[in-house]
J.: 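One structure is given below, represented as structure tokens, and several questions about it will come after.
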Amino acid sequence: LVALPARPGAAAADEVLVRLKDGETTIALQAAPAKQRQAFFADLRAGLAKLPEAAQRELCEHFPELRAEVLNIVESMTQEVSRWLEEKRHAERRGGSPPSLLLKLKPVFQAVLSPTFLACFKNLGGAEKRGKEAFLLKLALCLRAASEPSAASAAGAEQVLAQAGQLRRHFFHVEGYGELMEDWLQSRLKQFNEEFMHRVGVVLSSGTHPVLARLRRTFRPGRWLSLSDAQVEDDIFAVFLDDAFPRHVLTDESVAKMLRSVSSYAGAACDF
């Protein structure tokens, strides 16, 4: 694959595909140490975009380890986007999100738009649906944040906003319907917040003491705290949710409803 040009001819691509799937390659891979196998499939994933889409799918179906590499790169990118969202939230907690924060998205967006990543994302199958949706959710949240009016005031914002437009068209445009990112995102956020309130009810119905003990440490008397504060979210995950539930999706309205539910269940014991 290293020797192939960015867009090889059909004959060259077919030859590579045959060689990768032949018996000798299979035997060599089976005999290779784990680190060499890992390096082989990492290189194969990096060169996947050079092959026709049909060949990409065929290789991902033929090699489970390549499929795992493809999923790993998408999960890694999801974490990169999530880190930016977390940095933005902490900046807002300190008094506001600086315009320069938007510029940190440029290399992230550039990596997402790279042929290597796009090929990996396209080859996620039904078994990787959860990883695919997690990436789309974080990307949509990031693109929404990047579209805020204050973001456009940063020097150099034009390039990032142009990348954002490309990403919207690539991942959220549906032929015949147009761009559906906001509709899809609103639907997913509604589902997550409804699931959150359901879990709140389940936890509170089994007892309020652990919930009150945790929330009292955060909502101390005389201390003003935003419902979107990172500490509030940490408390919510500690007592109601788990690591499988996505961050950055809870609305202030749902957090307020949770606090009213705690008060309703606990009665006079709720002293915050």
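Heavy-atom basis, side chains included; hydrogens, waters and symmetry copies ignored. Just so it is clear, the model here is predicted, and its values are computed rather than measured.
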J.: Start with the C-alpha gap between Asp234 and Arg247, add the side-chain angles, then the distance that decides, and say whether salt bridge (Lys or Arg N to Asp or Glu O under 4.0 Å) holds.
T.: CA-CA 10 Å; Asp234 288 344; Arg247 299 263 178 170; 3.0 Å; yes
J.: Going by an N to O cut-off under 4.0 Å, is there a salt bridge joining Glu148 and Lys88?
T.: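 Here Glu148 pairs with Lys88 in a salt bridge, since their nearest N and O are under 4.0 Å apart.
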J.: Near Arg144 CZ, under 6.0 Å, is it more than 12 heavy atoms from other residues, nucleotides or ligands?
T.: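 Yes, because the 6.0 Å sphere around CZ of Arg144 holds more than 12 heavy atoms from other groups.
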J.: Are the side chain of Glu128 and the backbone N or O of Leu71 linked by a donor-acceptor pair below 3.5 Å?
T.: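 It does not hold such a pair.
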J.: Are the aromatic rings of Tyr177 and Phe172 close, with centres under 6.0 Å apart?
T.: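 Tyr177 vs Phe172: aromatic centres not under 6.0 Å.
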J.: Between Arg130 and Ala244, what is the shortest heavy-atom contact and its length?
T.: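 Taking Arg130 first and Ala244 second, the nearest heavy atoms are NH2-CB, 3.1 Å.
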J.: Please verify the inter-ring angle class for Phe196 with Phe245; under 30° counts as parallel, over 60° as perpendicular, anything in between as tilted.
T.: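 Rings of Phe196 and Phe245: tilted, 30 to 60°.
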J.: Checking side-chain polar atoms at under 3.5 Å, does Thr25 have a donor or acceptor matched by the opposite partner on Asp22?
T.: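 On atom types as modelled, these side chains qualify, holding a pair under 3.5 Å.
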J.: In terms of heavy-atom contacts, does CD of Gln38 have more than 12 from other residues, nucleotides or ligands at under 6.0 Å?
T.: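 No, not enclosed.
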J.: Could you label the plane-to-plane angle of the Phe63 and Phe40 rings as parallel, tilted or perpendicular, counting under 30° as parallel and over 60° as perpendicular?
T.: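 If you compare the ring of Phe63 with that of Phe40, the planes turn out perpendicular.
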J.: Identify the heavy atoms of Ile73 and Phe117 that sit nearest to each other, and give their distance.
T.: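 Heavy-atom minimum between the residues: O-CE1, 3.9 Å.
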J.: Rounded to the nearest 0.5 Å, what separates atom NZ in Lys138 from atom CD in Glu86?
T.: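 Rounded to the nearest 0.5 Å, the NZ-CD separation comes to 8.5 Å.
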J.: Please determine which of Glu87, Glu80, Gln79 meets the side chain to side chain donor-acceptor pair (under 3.5 Å) test together with Arg83.
T.: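 Exactly one option meets the side chain to side chain donor-acceptor pair (under 3.5 Å) with Arg83, and it is Glu80.
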